[in-house]
Every structure is written in C-alpha cells, then in structure tokens.
Amino acid sequence: MHAYQTFAVVGGDLRQVDVANRLLKQGKTVYALLLEKNQLLTPPLQQRLAFKEVLSKCDVVILPLPLTTDEQTINAPFSDHSLSLEECFCSIRQDTVVFAGKINRRARELAERFSLCLIDYLEREELAIKNARVTAEGALAIALDELPIAMFQTRCLVTGHGRVAKELIRVLRGMGAPTTVCARKYKDLAEIEMEGCHAIPISQLAQSVETADVIFNTVPAKLFSRSCLEHLRPETLLIDLASKPGGVDLNAAGELGIRTIWALSLPGKCAPLTVGDTILQTVENCLMEQEGI
C-alpha cells in the first residue's frame with residue numbers, strides 16, 4: 001500500500017468515523033468530510049474543509065455505506081452540509097481509487113462519465129461473510145431483549161439458507177435453542193439437517209409458524225403474507241432481516257397484532273466499529289490487488 005498515502009473519508013455513520021480514525025493511527029494523511037458532528041472522530045480530523053480542494057489531492061476516497069439515501073447526495077447523517085454525487089465525483093482525480101457501499105446506477109454512470117475507478121466494497125466476499133455474522137448476533141440481541149424466555153427454551157424458526165441464515169443457525173445452536181429452518185432447495189434441506197436443525201420445505205411454512213416463539217426471516221420476498229401471518233400465535237416475535245422490500249406484509253402484521261421488527265442495516269447499528277474495521281480491511285485488500293501484490 002506504499003503508493004496510497006492520502007485518504008478522504010466522506011460521509012456516513014460510525015463505520016466511516018472508525019475507518020478515518022484507524023487510517024490516522026496508521027500514519028496516513030486523512031481528510032474527514034461530512035463527519036464533523038460526530039464526537040468520536042479524532043480531534044485533528046474535526047475540521048471544516050473545502051470539498052473540491054481536498055478530493056482533488058487524495059489517492060483514495062472512501063465513501064459511505066449506503067453511498068446515498070436519496071439518489072442525489074452523499075449519505076451524511078453527521079453533517080449539516082450536503083455534497084451531491086456529481087459534485088463529489090467531478091472533484092476527484094482520474095487516478096484516484098474510489099470506494100463506496102451499495103452503489104446505485106446513477107453513481108456508476110457518473111463514475112463512468114468522469115473516468116473514475118469506483119469499487120463497491122459491499123460486493124466483496126470478505127465483507128459479506130463478516131457482515132453476516134454481525135447481522136446474526138444483532139438479531140439474537142433483539143430476540144434476547146424482546147422475549148420473556150431463555151433462548152434454550154425458545155423455539156426458533158429461520159427462513160432461508162443464505163449467509164445470514166447459516167450464521168444465525170450457528171449462533172442459535174450455540175445458545176442451545178431448538179431451531180427449525182425453512183428452505184426451498186433439497187440440497188439446503190439436507191445441509192440444514194447436517195447442521196443439527198429440523199429442516200422443512202418452504203411449502204410447509206404456514207404450518208411451521210404455528211409453534212414458533214421467534215421467527216427470523218432472511219428472504220427478501222413476501223413469504224409472510226396475510227394468509228401465512230394468520231397462523232402465528234399472538235405472542236410470537238417476527239424479526240425480518242431481509243433487505244427492501246422485506247419479507248413481511250407489515251400492514252397485515254399490524255392489523256393482526258403480530259409483533260414485527262424490520263431490522264434493516266443491523267451491522268451498522270449494533271457493531272459499527274467492528275464493521276468499520278472490516279470495511280478498512282476490505283479496502284486495503286482491494287488496494288493491494290490494484291498494486292498486484
């Protein structure tokens with residue numbers, strides 16, 4: 001990483017603050033933009049800087065996850081200022097490596113227009129794997145906080161068998177919780193049994209929810225329609241971990257009195273410093289690949 005010494009960390013939440021602080025400790029030249037309202041930012045980085053002047057002299061620019069929440073401006077909850085995607089990208093040199101998470105189509109088009117190397121760190125396997133574990137731990141924390149019974153007595157139902165679901169299975173089994181997992185593929189059902197859980201096909205979901213104390217949905221499709229929700233007991237807790245549009249008919253759940261928590265972006269909420277460390281490791285891995293190391 002000897003060729004990359006000057007970094008700009010722009011916008012975002014505590015994950016970005018952690019990235020900026022870690023880079024400063026490494027001895028890098030760091031500019032923190034759109035983060036001035038966060039008190040955990042190291043004091044030397046808490047200064048108001050001119051966007052264009054700073055971005056034009058950086059070797060690496062690290063943008064937030066998500067990059068934008070309105071399709072137009074950089075996501076910046078810790079700032080009273082705003083920076084449009086276009087203004088940001090037009091200020092960056094063409095030889096600068098630019099990172100962001102959850103990059104939208106417009107941002108990719110702008111990067112192409114300004115001939116920028118734009119990398120989505122959220123698409124990297126090393127980040128996805130660790131994010132899945134943090135999500136699983138965050139989901140467990142919600143269940144522990146919301147349920148009146150111990151986990152070893154809690155009948156858990158997990159829908160899906162992707163990264164997050166697999167990490168959830170490990171966490172729940174480690175807690176001694178009796179766990180049922182609902183999946184579509186026969187291969188997944190076989191793996192679920194080998195993981196020590198009760199496996200059921202997705203076609204039997206409606207019958208399976210009747211005995212669950214807590215349900216963790218990881219599938220971003222409306223599995224929990226009104227007809228399915230009608231089978232839940234009133235005391236059942238439903239935790240939806242799926243990204244938008246989610247897996248639960250929230251209107252129906254509200255009308256039926258089903259306790260539902262749509263737990264979006266858990267890694268950034270429950271363990272931002274851990275995720276910040278992982279983002280920086282991922283960025284460093286990408287930079288080493290850029291150098292052919």
**Q** Would Asn285 and Gln281 count as having a side-chain donor-acceptor pair, cut-off 3.5 Å?
**A**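 Not at all, the side chains of Asn285 and Gln281 share no donor-acceptor pair under 3.5 Å.
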**Q** Would Gln72 and Ser84 satisfy side chain to side chain donor-acceptor pair (under 3.5 Å), going step by step from the backbone distance to the final call?
**A** CA-CA 6 Å; Gln72 300 295 324; Ser84 70; over 6 Å; no
**Q** So that I can tick it off, tell me whether Glu112 and Arg108 are bridged by a salt bridge, with the cut-off set at under 4.0 angstrom between side-chain N and carboxylate O.
**A**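 Salt bridge flag = no for Glu112 with Arg108.
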**Q** For Phe78, I'd like to know if atom CZ has over 12 heavy atoms of other residues, nucleotides or ligands within 6.0 Å.
**A**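 More than 12 within 6.0 Å, yes.
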**Q** State whether the side chain of Gln46 and the backbone N or O of Leu41 hold a donor-acceptor pair below 3.5 Å, judged by distance alone.
**A**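 The answer is yes, because a donor-acceptor pair under 3.5 Å joins these two groups.
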**Q** Gln16 side chain to Gly11 main-chain N or O, any donor-acceptor pair under 3.5 Å?
**A**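 Confirmed, Gln16 side chain pairs with Gly11 backbone.
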**Q** Mind running side-chain contact (heavy atoms from CB on, under 4.5 Å) on Phe99 and Thr282 for me, showing each step along the way?
**A** CA-CA 10 Å; Phe99 295 91; Thr282 303; over 6 Å; no
**Q** Are Leu147 and Arg259 close enough that some pair of their side-chain heavy atoms sits under 4.5 Å apart?
**A**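 Yes, side chains in contact.
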**Q** Run the side chain to side chain donor-acceptor pair (under 3.5 Å) check on Asp249 and Ser225 step by step: do they pass?
**A** CA-CA 5 Å; Asp249 183 337; Ser225 60; over 6 Å; no
**Q** Regarding Glu255 and Arg226, does a basic nitrogen lie under 4.0 Å from an acidic carboxylate oxygen?
**A**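 Judged by the 4.0 Å cut-off on N to carboxylate O distance, Glu255 and Arg226 do form a salt bridge.
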**Q** Output yes when a side-chain donor or acceptor of Arg15 lies under 3.5 Å from a complementary backbone atom of Val275, and no otherwise.
**A**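 No; zero donor-acceptor contacts below 3.5 Å.
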**Q** To check you understand the geometry: which heavy-atom pair defines the closest contact between Gly276 and Asp18, and what is its length?
**A**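 Closest heavy-atom pair between Gly276 and Asp18: C-OD2, 3.5 Å.
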**Q** With a 4.0 Å cut-off, would you call Glu289 and Arg124 a salt bridge?
**A**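 A salt bridge links Glu289 with Arg124.
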**Q** In terms of hydrophobic clusters joined by side-chain contacts under 4.5 Å, are Leu241 and Leu122 together?
**A**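 Leu241 does not cluster with Leu122.
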**Q** Among the clusters formed by ILVMFWY side chains lying less than 4.5 Å apart, do Leu40 and Ile62 turn up in the same one?
**A**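 Yes.
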**Q** Applying salt bridge (Lys or Arg N to Asp or Glu O under 4.0 Å), name anything that partners Asp80, two or more places apart in sequence or on another chain.
**A**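 Testing Asp80 for salt bridge (Lys or Arg N to Asp or Glu O under 4.0 Å), a comparison that skips the adjacent residues, returns Lys37.
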**Q** Considering only heavy atoms from C-beta outward, does the side chain of Met151 approach that of Leu140 to under 4.5 Å?
**A**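 Heavy-atom side-chain distance check passes, below 4.5 Å.
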**Q** For a 4.5 angstrom cut-off between non-hydrogen side-chain atoms, does Glu167 reach Thr135?
**A**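 The answer is no; the side chains never approach within 4.5 Å.
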**Q** NZ of Lys269: more than 12 outside heavy atoms within 6.0 angstrom?
**A**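 Yes, enclosed.
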**Q** Within the side chain of Thr96, is there an N or O that forms a donor-acceptor pair under 3.5 Å with the backbone of Cys58?
**A**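 Judged by distance alone, yes, a pair lies under 3.5 Å.
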**Q** Would a hydrophobic clustering, with Ile, Leu, Val, Met, Phe, Trp and Tyr connected at side-chain separations under 4.5 Å, put Ile169 with Leu144?
**A**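 Yes.
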**Q** Please determine which of Leu63, Leu127, Thr278, Ile103 meets the side chain to side chain contact (heavy atoms under 4.5 Å, CB included) test together with Tyr121.
**A**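 That would be Leu127; it is the only one of Leu63, Leu127, Thr278, Ile103 passing the side chain to side chain contact (heavy atoms under 4.5 Å, CB included) with Tyr121.
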**Q** Is it the case that the side chain of Thr154 and the backbone of Asp213 share a donor-acceptor pair, with hydrogens and angles ignored and the cut-off at 3.5 Å?
**A**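 Between the backbone of Asp213 and the side chain of Thr154 there is no qualifying donor-acceptor contact (under 3.5 Å).
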**Q** Should Arg184 and Asp188 count as an ion pair when the cut-off is N to O under 4.0 Å?
**A**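 No, no charged N to carboxylate O under 4.0 Å.
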**Q** Flag yes if Ile279 and Leu266 sit in one hydrophobic cluster, no otherwise; membership is Ile, Leu, Val, Met, Phe, Trp, Tyr, and two members link when side-chain heavy atoms are under 4.5 Å apart.
**A**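 Each belongs to a different hydrophobic cluster.
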**Q** Before you tell me yes or no, could you show the steps for Glu137 and Arg133 under salt bridge (charged side-chain N to carboxylate O under 4.0 Å, His left out), namely the whole-Å CA-CA distance, both residues' side-chain angles and the distance that decides it to 0.1 Å?
**A** CA-CA 6 Å; Glu137 292 187 8; Arg133 181 55 183 236; 3.2 Å; yes
**Q** Count the heavy atoms of every other residue, nucleotide or ligand shown that sit under 6.0 Å from NZ of Lys222, and state whether that count exceeds 12.
**A**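 Yes.
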**Q** For Leu256, what are the other residues in its hydrophobic cluster, where any two members join if their side-chain heavy atoms are less than 4.5 angstrom apart?
**A**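 Leu256 clusters with Leu157, Ile200, Ile202, Leu205, Val209, Ile215, Val219, Leu223, Phe224, Leu229, Leu232, Leu238, Val248, Leu250, Ile258, Trp262, Leu264.
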**Q** Go through the structure and list residues passing salt bridge (Lys or Arg N to Asp or Glu O under 4.0 Å) with Glu71, not counting sequence neighbours.
**A**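 With sequence neighbours excluded, Glu71 shows a salt bridge (Lys or Arg N to Asp or Glu O under 4.0 Å) to no residue whatsoever.
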**Q** Would a distance-only check, ignoring hydrogens and angles, find a side-chain to backbone donor-acceptor pair under 3.5 Å from Thr42 to Leu45?
**A**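 A pair under 3.5 Å: no.
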**Q** Side-chain heavy atoms under 4.5 angstrom apart, residues restricted to Ile, Leu, Val, Met, Phe, Trp, Tyr: same cluster for Leu273 and Val9?
**A**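 Leu273 does not cluster with Val9.
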**Q** May I ask you to decide whether Arg106 forms a salt bridge with Glu109, counting only side-chain N to carboxylate O separations under 4.0 Å?
**A**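 Answer for the salt bridge query: no.
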**Q** With a 4.0 Å cut-off, would you call Lys185 and Glu191 a salt bridge?
**A**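 Looking at Lys185 and Glu191, the cut-off is not met.
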**Q** If you define the side chain from C-beta out and look only at heavy atoms, does anything of Val134 sit under 4.5 Å from Cys270?
**A**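 Yes, side chains in contact.
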**Q** Under 4.5 Å between any side-chain heavy atoms of Leu55 and Cys88, yes or no?
**A**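 Contact flag for Leu55/Cys88 side chains = yes.
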**Q** Is there a side-chain contact between Val214 and Glu146, using heavy atoms and a 4.5 Å cut-off?
**A**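 They are not in contact (no side-chain heavy atoms under 4.5 Å apart), so the answer is no.
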**Q** Taking all non-hydrogen atoms of both residues, which atom of Gln5 and which atom of Asp59 are closest, and how far apart?
**A**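 Heavy atoms of Gln5 and Asp59 come nearest at N-OD2, 3.0 Å.
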